[in-house]
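Each remark here refers to the structure printed beneath this line.
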2 protein chains.
Amino acid sequence: MSYSIGEAAKMVGLTAHTLRFYDKEGLLPFVKKTSSGLRAFTESDIEWLKIIECLKGTGLPLKQIKQYIDWCMEGDATIPQRLNMFIEQKKHVEEQKAKWEKHLEKINFKIKYYEDAAKHGDLNVFERNPKLLEEKKRLFKD
Amino acid sequence: MSYSIGEAAKMVGLTAHTLRFYDKEGLLPFVKKTSSGLRAFTESDIEWLKIIECLKGTGLPLKQIKQYIDWCMEGDATIPQRLNMFIEQKKHVEEQKAKWEKHLEKINFKIKYYEDAAKHGDLNVFERNPKLLEEKKRLFKD
DNA sequence: TTAATCTTTAGAGTTAGCTCTAAGTCAAGA
DNA sequence: TCTTGACTTAGAGCTAACTCTAAAGATTAA
């Protein structure tokens with residue numbers, strides 16, 4: 001059993017246009033076609049799409065995703081490169097998470113700031129709450 | 001005391017080109033110019049840049065950042081909108097963090113997978129370790 | 001004062017990742 | 001069989017966010 005491009009697209013939350021674009025970019029060399037030229041996505045192809053989505057979702061550019069797919073197609077000799085790619089991507093994800101954590105602190109500060117401002121209808125927040133000014137200095141020092 | 005565009009750029013990790021681009025896009029209405037037409041960034045302007053960087057870093061498009069800056073320039077009447085924007089952005093950041101967490105699980109699975117593959121020089125990982133197959137099914141089921 | 005190194009503008013060019021169109025082909029239900 | 005809707009390709013167009021260029025003016029160190 002296999003899926004049309006529209007069905008596959010729905011299953012992974014993309015459009016058929018996007019899947020064709022990925023195919024054109026060489027990201028889907030594993031997708032076979034029927035005798036009449038229609039793409040037929042297998043269950044295994046859907047799993048490939050999910051891995052592509054995972055890598056894309058963590059900020060890996062399509063070119064590097066293609067590099068990974070190419071390695072997969074080349075066979076067992078490229079296992080070390082693939083392992084290395086995932087290790088690098090894990091590092092990248094953890095760096096990003098730390099960055100988002102820092103951004104979140106600043107956003108939380110802004111929420112406190114504007115909550116007080118909204119309550120009083122003006123921006124004299126630091127006069128009312130000097131501790132918040134200290135927090136601001138700490139958060140925006142670097 | 002104030003900073004030239006090049007100094008300001010260095011302080012926030014952007015290029016002078018990018019700062020000029022932001023200015024052209026209306027993101028830096030607060031930056032004043034000297035009598036001879038050079039931009040002079042104050043300490044306060046540098047803080048604005050850091051907030052812009054924070055919002056950009058959490059994925060807010062420049063257009064929406066401009067909207068926020070515009071609200072700030074309009075005065076106290078827009079405090080509720082600004083508060084709301086940060087609350088929405090906090091939601092967004094937390095959704096993203098959850099997504100990255102899920103991606104990270106998949107990446108960790110792939111690392112385990114390829115570590116075993118690298119050790120044995122082939123991809124018969126699931127035959128050697130059926131538990132990993134179960135983990136794969138769990139992680140990629142949706 | 002002069003040379004080197006900024007900075008200014010307007011505007012063109014680039015990159016990534018889609019997104020859509022046109023013109024035609026294929027498949028499934030009435 | 002006919003119609004409707006999904007599929008095919010090549011290729012154009014789009015958006016966001018830069019990135020760079022050219023030509024001219026400003027600043028700074030020797």
Side-chain angles (χ1 to χ4, degrees), chain A residues 1-29 31-42 45-46 48-49 51-69 89 92 96 99 103, chain B residues 1-29 31-42 45-46 48-70 89 92 96 99 103:
Chain A
M1 210 280 181
S2 69
Y3 307 101
S4 74
I5 194 168
E7 290 167 333
K10 205 166 276 178
M11 288 170 81
V12 295
L14 294 169
T15 69
H17 279 307
T18 302
L19 289 184
R20 277 188 213 104
F21 167 70
Y22 285 0
D23 199 4
K24 194 161 55 179
E25 295 293 298
L27 269 77
L28 316 179
V31 176
K32 299 282 176 287
K33 293 192 179 177
T34 65
S35 52
S36 51
L38 303 192
R39 288 178 190 82
F41 288 75
T42 65
D45 294 347
I46 303 293
W48 275 106
L49 293 179
I51 291 165
I52 289 172
E53 275 303 277
C54 170
L55 291 171
K56 185 165 63 103
T58 57
L60 199 69
L62 297 189
K63 272 188 189 172
Q64 291 185 54
I65 297 176
K66 174 172 160 43
Q67 169 69 274
Y68 166 68
I69 306 273
Q89 197 58 12
H92 173 73
Q96 286 301 309
K99 218 161 109 185
H103 289 323
Chain B
M1 211 284 182
S2 69
Y3 308 100
S4 74
I5 195 168
E7 289 166 334
K10 205 166 276 178
M11 288 170 83
V12 295
L14 294 170
T15 69
H17 280 306
T18 302
L19 288 184
R20 276 186 215 107
F21 166 70
Y22 285 179
D23 199 3
K24 195 161 55 179
E25 295 293 296
L27 269 76
L28 316 178
V31 176
K32 300 282 176 286
K33 294 191 177 176
T34 67
S35 53
S36 51
L38 302 195
R39 289 177 189 82
F41 288 75
T42 66
D45 294 348
I46 303 292
W48 276 107
L49 293 180
K50 285 179 186 167
I51 291 164
I52 289 172
E53 275 302 278
C54 170
L55 291 170
K56 185 164 63 102
T58 57
L60 200 68
L62 297 190
K63 272 189 188 171
Q64 291 185 54
I65 296 177
K66 173 172 160 40
Q67 168 70 275
Y68 167 68
I69 306 272
D70 288 347
Q89 197 59 11
H92 173 74
Q96 286 301 309
K99 218 161 109 183
H103 290 324

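In what follows, chains carry the letters A, B, and so on, assigned in the order in which the sequence lines appear, proteins first and then strands, with residues in each chain numbered from 1.
- B:R20 pairs by the salt bridge (Lys or Arg N to Asp or Glu O under 4.0 Å) definition with nothing, not counting sequence neighbours.
- Residues passing the side chain to side chain donor-acceptor pair (under 3.5 Å) test with B:S35: none are found, sequence neighbours excluded.
- When each of A:T15 and A:T34 is assigned the nucleotide of DNA chain C with its nearest heavy atom, A:T15 is the one assigned upstream, toward the 5' end.
- For DNA chain C, the span of nucleotides reached by chain B at under 4.0 Å from its heavy atoms goes, 5' to 3', from C:dT7 to C:dG11.
- Across residues 51-66 of chain B, not one residue has a non-hydrogen atom less than 4.0 Å from an atom of DNA chain C.
- For A:S4 and D:dC7, the shortest distance from a side-chain N or O to OP1 or OP2 is below 4.0 Å.
- Residues passing the side chain to side chain donor-acceptor pair (under 3.5 Å) test with B:Q67 are B:W71, sequence neighbours excluded.
- By the salt bridge (Lys or Arg N to Asp or Glu O under 4.0 Å) test, A:K66 pairs with A:D70, sequence neighbours left out.
- In this structure, the side chain to side chain donor-acceptor pair (under 3.5 Å) partners of A:E53, at least two apart in sequence or on a different chain, are A:K56.
- By the side-chain contact (heavy atoms from CB on, under 4.5 Å) test, A:K99 pairs with A:Q96, A:H103, sequence neighbours left out.
- Residues forming a side-chain contact (heavy atoms from CB on, under 4.5 Å) with A:Y68 (at least two apart in sequence, or on another chain): A:W48, A:I51, A:L55, A:C72, A:R82, A:M85, A:F86, B:K110, B:Y114.
- Distances shorter than 4.0 Å separate none of the side-chain N or O atoms of B:Y22 from OP1 or OP2 on D:dA17.
- Here A:P29 pairs with A:I69, A:M73 under the side-chain contact (heavy atoms from CB on, under 4.5 Å) rule; sequence neighbours left out.
- Residues forming a side chain to side chain donor-acceptor pair (under 3.5 Å) with B:S2 (at least two apart in sequence, or on another chain): none.
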query: When every nucleotide of nucleotides 8-14 of chain D is labelled 5' to 3' by its protein contacts under 4.0 Å (heavy atoms), B for base, S for sugar-phosphate only, - for none, what sequence of letters results?
result: BB-B---

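- Using a 4.5 Å heavy-atom threshold, the side chains of B:L62 and B:F21 count as touching.
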